[in-house]
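The block underneath contains the structure these notes are about, expressed in structure tokens.
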Amino acid sequence: MYLSLTVTIGPGLAATVAANIVGGGYDYRETISPWFRSVFYLQPDPDLMTGTPVLFRLHAVSALLLFAAWPFTRLVHMLTAPLGYLTRPCIVYRSRDVRLGARAPHRGWERAG
């Protein structure tokens, strides 16, 4: 998931630096915003993206791919339990051993019934 987040954030940051800080500036509100609105209304108009810089297009495509994969990853938990998501272990291993040990397990590491 970190890779897909980096692939989404990277072109957006690079586009901002390249177009707005280093270059003469690019007003995305005239091209990208109407295109995003058309996608949001389920009537996409690809002609609105023809004049945009490549980095902005890569950022938009990678964001759409990230949103498509979102429900199938653990990122979906940040919408339902945002505080517990931050402290939850990456992979939960549960022992099949009947002896649990002397200490009580941490949250998220309880024995599966």
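- Evaluation of the side chain to side chain contact (heavy atoms under 4.5 Å, CB included) rule for Thr73 yields Met1, Leu75 as partners, not counting sequence neighbours.
- Under a hydrophobic clustering in which Ile, Leu, Val, Met, Phe, Trp and Tyr are joined whenever their side-chain heavy atoms come within less than 4.5 Å, directly or via other members, Leu5 and Trp70 fall into the same cluster.
- Residues Pro44 and Val39 share a closest heavy-atom pair of CB-CG2, 4.0 Å.
- Other cluster members for Phe40: Tyr41, joined by side-chain heavy-atom distances under 4.5 Å among Ile, Leu, Val, Met, Phe, Trp and Tyr.
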Donor-acceptor contacts, no H, no angles, side chain residues 47-68, under 3.5 Å, sequence neighbours left out:
unit_1: Thr50; atom_1: OG1; unit_2: Asp47; atom_2: O; d: 2.9
unit_1: Thr52; atom_1: OG1; unit_2: Met49; atom_2: O; d: 2.9
unit_1: Thr52; atom_1: OG1; unit_2: Arg57; atom_2: NE; d: 3.3
unit_1: Arg57; atom_1: NE; unit_2: Thr52; atom_2: O; d: 3.2
unit_1: Arg57; atom_1: NH2; unit_2: Thr52; atom_2: O; d: 2.8
unit_1: His59; atom_1: ND1; unit_2: Thr8; atom_2: O; d: 2.7
unit_1: His59; atom_1: ND1; unit_2: Gly12; atom_2: N; d: 3.4
unit_1: Ser62; atom_1: OG; unit_2: Leu58; atom_2: O; d: 3.0
unit_1: Ser62; atom_1: OG; unit_2: His59; atom_2: O; d: 3.0

